Structures are given as structure tokens and as C-alpha cells.
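Heads up: the structure comes next, in C-alpha cells.
Here, residue 1 is the first one in the sequence, and each next residue gets the next number. Only this structure's heavy atoms are used, side chains among them; waters, hydrogens and symmetry mates stay out. The model shown is predicted, which means the values in this text are computed figures rather than measured ones. When a ligand or atom number is given, it counts from 1 through the structure's own listing order.
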Amino acid sequence: MASVMLTGGAGYIGSHTAVELIESGHQVVIVDNFSNSSPVVLERLQQIVGAGIVCERGDIRNADFLTEVFQRHRVDAVIHFAALKAVGESCEQPLNYFENNISGTITLLQVMQQQRVNGLVFSSSATVYGQPESCPIREDAALGITNPYGRTKLVMEQLINDICTAHPQFKAAILRYFNPVGAHVSGLIGEDPGGIPNNLMPFICQVAVGTRPQLNVFGNDYPTPDGTGVRDYIHVVDLARAHVAALDYLLREGQNITVNLGTGCGVSVLELVQAFEQASGRSVPVNIAPRRPGDIAECYADPALANRLLGWQAEYDVKRMCVDAWRWQSQNPEGFEPSR
Ligand code: NAD
Ligand code: UD1
């Protein structure tokens, strides 16, 4: 069993991955600066797994801090979640995104090399496909960029690939997530966006719980069956389990991989709203609004490669995603820190 550092492990996907790793017998060291998460997550994780959670508070851009963490704990591999991820914000503050995401990754990779830690699982995104030419999207599809956040993900993928080429002992699993939603079945952890949510599922949750009056549907004139945008929503617990499978693959096979993590199913905005209303018993009023700049009509994965290499596939359907998202939201109407 491995000892794994999770950068950004207090965040939405990192916290769910911590649970799955610990429940699979691995040891976890969370490294987070809490720039987009709450320390309350650690108490909740402890409640779920029934054991203490090891966490080092600090910034991955600080090489001295990272070096100390590697020296204090045995680390066999790193799962690198830490990043800024808001597309709109990245257009307003590109330098912050380049600094946090790209410089942070370079510092992490330098310290890993110094400490001779040679396994990396990296959080990439379907955003690296830019405007996809067709769906479902395979990993060998053309890559593109539509915003500075996407640029950071593509650059980080390229940096990691260059290091794998230069140092064959260094192995990486690059995971391209589609649209993670849902929450742990306990309702103790989930997605907690500060301010107005950018993404669809947290916005729907906030309408259902009464925080916001209605959902603006960004366009109903796309060339899709009902005119609204189509995406590949994937339950965050399925996604978390894929990280365990990717880590096991890296440690077992020692091969570099880049794989999509999605269900392969396209779901429209209105279909997700309807599924959520059924799951929650709440109504979600919608207002048809103009298209959001930079949005694409449809984006869904071909997940066959992850299935073949990792022996993994998503298990939870859209109904389950909505049930779990609603349980989290209704038990925590204001997120982890109600006063925030
Ligand atoms: P999140 O914001 O909930 O988690 C990221 C965590 O990283 C936060 O806890 C934050 O405090 C921490 N962090 C950020 N910068 C840091 C730094 N410099 N040093 C230390 N900690 C730092 O985001 P998430 O949704 O869990 O996403 C995790 C990863 O997955 C990110 O890399 C994101 O780009 C990627 N991703 C997310 C989605 C999504 O829809 N959530 C989709 C595709 C890819
Ligand atoms: C967004 C990011 C993408 C990131 C992904 C997962 C943008 C432009 N892209 O993609 O880089 O990888 O999240 O985190 O932000 N929608 C509404 N009303 C809303 C919110 C969304 O109608 O209030 C629609 C969107 O137009 C889209 C769908 O819902 O059709 C999903 O949107 P969202 O959850 O923001 O994800 P993506 O657009 O796929």
C-alpha cells in the first residue's frame, strides 16, 4: 500500500479521493493552502474514515515548505489537484493562473525530483480539447485552448510529458476530467463554491435550496436535441475511484498514460434540471438567457481507454449524481462554513 501526497487534497475532488484512497488501504498526506477550501473538510473526512487525517497547511509554490513535507512523511507518489479553476476569473487575472498553476507545478516537480519521488497523477480537464471537432472525444483528438485556465492545463500536461521523456524513471498518469458533480453518500463533503457558482450543478443546488431564485440557462439554440448545452457529468466518487485505479496502475505497470474520465453519456442542461427536480422533490425555475461566451454546444468523452487500461468505469447515473448533490446541499445549505 502506498503513501500518497494529495496537493489540493482539501478541495472538492481531492477530499473525495482521500476517502477512496484511505478506504483502499493507502496512506494520505494532504497539502493545501485552503485558498479555495475550508479546514472543516478535515474534520468531515475524519468522521467519514474514522481516523485522523494528515494535513500540512502551505503553498505548493513554496519549495522549502514542500521539501520539509517530503522529509517529514514517506511519499511514494503525488496526486496533484492544487490549482485555480475558475474560467472567468482566469480571463481577468491570467497571471495569477499562470503563477499558481504553472509555477506551482514546476516547483512541485522540482522538489519531487530532488526527493526522488517518481510517480505523479495529474488533474487535467476536458478543457484541453478546446472546441472539439466531434463527440465522443478520444484522447487522440486535436487539442485547443479557449481561455487562460485551459492554457495552464495544456501547458502543465506538456511539461509533465517532457519530464517523462527526459527522465524515464518518472511516470505520470494524466487524467482529463469531464464534468464532476455529486457528493459523498454521507452528505458530509461536497462541492462548496464561494460566491456565485460558475458551474451548473452547484447553481441548480443553490436554486433548489432557496439561495438563488432561478437558473439562467445559457442558450437554448445550440445544435443539440433540446437546444441546451450537452455535457458528460460524472459522479465525483466515480472520479475519485479512478484516481485509486490510476495510482495502482502507475505503481504496478510503470507506464505513462493520458486518459479521459467521463461516463460517455451526453446530458443537456434541461435534462439535468429535470433529473434534479425528480431527485430532490424541489422545483428549479429556469430562465432562458443568452449563450455564455466561450461555451461549446456539446462535450462528452469516449472513456474506453480508461476502461481498458485501468479496469475502471463510471458506475453512478445522473439520478444518483442528483440525489447525492442534493443530500450534500440540503444538509449544508451554506457549505462548510455558514458564516463565510
Ligand atoms: P478545488 O478548488 O475544490 O480544489 C483545489 C484545492 O487546491 C483547494 O483546496 C485549494 O485551496 C488548493 N490550492 C490551490 N492552489 C494551491 C496552492 N498554490 N498551494 C496549495 N493548495 C492550493 O477544485 P477541484 O474541483 O477539487 O479541482 C481539483 C483539480 O481538478 C484542479 O486542478 C482543477 O483544475 C481540476 N479540474 C476540476 C474540474 C471541476 O469541474 N471541478 C474539472 C476538470 C479539472
Ligand atoms: C466549465 C469550464 C471548463 C471546466 C468545466 C468543469 C467554462 C467556459 N468552462 O465547463 O473549463 O473544465 O466547467 O469544471 O466555464 N450552464 C447554464 N447555466 C449556468 C451554468 C452553466 O446554463 O448557470 C450551462 C453551460 O452553458 C453548459 C452547462 O451548463 O452548457 C455546463 O456548464 P458548466 O458546469 O459551467 O461546465 P462547462 O461549461 O462544461
Legend entry - Cation-pi check, R320 onto Y316 ring (under 6.0 Å, within 45° of axis): yes
Inset, instruction - With R231 as the cation and F178 as the aromatic partner, state whether NZ or CZ is under 6.0 Å from the six-membered ring centre and within 45° of the axis. - result: no
I'd like to check whether [X] has a polar contact with ligand 2, where a contact means an N/O of the residue lying under 3.5 Å from an N/O of the ligand.
X	answer
R292	yes
V230	no
L200	yes

[X]: heavy atom below 4.0 Å from ligand 1, yes or no?
X	value
A126	no
S35	yes
S124	yes

Legend entry - Close N or O approach (I60, ligand 1; < 3.5 Å): yes
Around [atom], find the nearest protein heavy atom and jot down its residue, atom name and distance.
atom	value
atom 24 (P) of ligand 1	K85 NZ, 3.7 Å
atom 39 (O) of ligand 2	R231 NE, 2.6 Å
atom 12 (O) of ligand 2	S125 OG, 3.0 Å
atom 2 (C) of ligand 2	V87 CG2, 3.5 Å
atom 33 (P) of ligand 2	N199 ND2, 3.5 Å

Inset, instruction - Mind checking whether N100 contacts ligand 1 via backbone (N, CA, C, O), side chain (CB onward), both or neither, at a 4.0 Å heavy-atom cut-off? - result: side chain
Legend entry - Proximity to ligand 1 by part of R61, non-hydrogen separation under 4.0 Å: side chain
Inset, instruction - For this output row, return yes or no: ring centroids of W312 and Y249 closer than 6.0 angstrom. - result: no
Using a strict 4.0 Å cut-off to heavy atoms of [X], name the atoms of ligand 2 that fall inside it.
X	answer
V217	22 (O)
Y233	28 (C), 31 (C)
D295	8 (C), 25 (C), 26 (O), 38 (O)
N216	17 (C), 18 (N), 19 (C), 22 (O), 23 (O)

